[in-house]
Amino acid sequence: MSYCLLCNTNYKPQIDFKDLFLFKKPQEKAICPNCLSKFEKINGQHCMNCNKAGQKVKFCSDCRVWQVKYQGKLLKNKSIYRYNQAMHDLMVNYKRYGDYVLHQVLADLIKSQISPADYYVPIPTSKSHIARRQFDTVSEIFKDLVPLTFILGKIDNGSAQGEKNRQQRLKTEQSFYVNEKLNLQGNILLLDDIYTTGRTLYHARDALAAAFPNSCIKSFTLAR
Ligand SMILES: [Zn+2]
Ligand SMILES: [Zn+2]
């Protein structure tokens, strides 16, 4: 029996016959098939650049704004899930109420779906928010999946992006800086939990691109 961290019940793990054939033990999953079915993968029509679901045109309205602002230099983003009710509830419990154990559920949802890169750079949480929640919400999700490079720092300016509305988010000033004298060359993948307007990720890219002009920077988020 396995235990589901979302609905808190025991469930029988589904047997993958491929694993059985290879004499592998069934993989422990943090959530049951019923809870898993509530998360909606981004399939079908979506923005060619940021993965926003349900787009009939090539680029979504957010990307069109960034296209103008950055003279066509868009940040290519991959997201796995739609930000639906199940994802919203999970994020609220994890981030707002600080339910640390849920990082396992979030990691499970994206396991083996992160694009390959030379460096994986998590979006940092400000010190005041780490103090409030006792953990760094983004890096905890990714830490067991890929090797992380902690090169971005965040200036503490009070409120979190999650507590702002869309307009306030778009107006946020740059608050990231490169905090180590490493020399990153190659493919850098920025990692975050949710892509809302893209403001955070574009600022992170700006800071990295200024420090490492020869790198290629893309981003990955759980939800869009
Ligand atoms: Zn469940
Ligand atoms: Zn887009």
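Any value given below was found using the heavy atoms of this structure, including those in side chains, with hydrogens, waters and symmetry copies removed. One-based numbering, in listed order, for ligands and for the atoms of each.
In this structure, a donor-acceptor pair under 3.5 Å is present between the side chains of Tyr83 and His88. Ser79 and Asn51 share no side-chain donor-acceptor pair at under 3.5 Å.
Between Arg224 and Asp62, at least one side-chain nitrogen of the basic residue sits less than 4.0 Å from a carboxylate oxygen of the acidic one, meeting the salt-bridge criterion. Ion pairing between a basic and an acidic side chain is recognised when a charged N comes within 4.0 Å of a carboxylate O; Asp89 and Lys38 show no such pairing.
Every residue was checked against the salt bridge (charged side-chain N to carboxylate O under 4.0 Å, His left out) condition with Lys41, not counting sequence neighbours, and none meets it. For Phe212, there are no ring-ring contact (aromatic ring centres under 6.0 Å, His included) partners at least two apart in sequence or on another chain.
Under a cutoff of 6.0 Å and an axis angle of 45°, Lys78 and Phe220 do not form a cation-pi pair.
Looking only at protein N/O/S atoms, the ones less than 2.8 Å from the Zn ion (ligand 2) make 4 in total.
A donor-acceptor pair under 3.5 Å is formed between the side chain of Asp108 and the backbone N or O of Ala30. Not a single donor-acceptor pair under 3.5 Å links the side chain of Gln67 to the backbone N or O of Lys69.
Excluding water, every protein N/O/S atom under 2.8 Å from the Zn ion (ligand 1) is given here by residue and atom: Cys4 SG, Cys7 SG, Cys32 SG, Cys35 SG.
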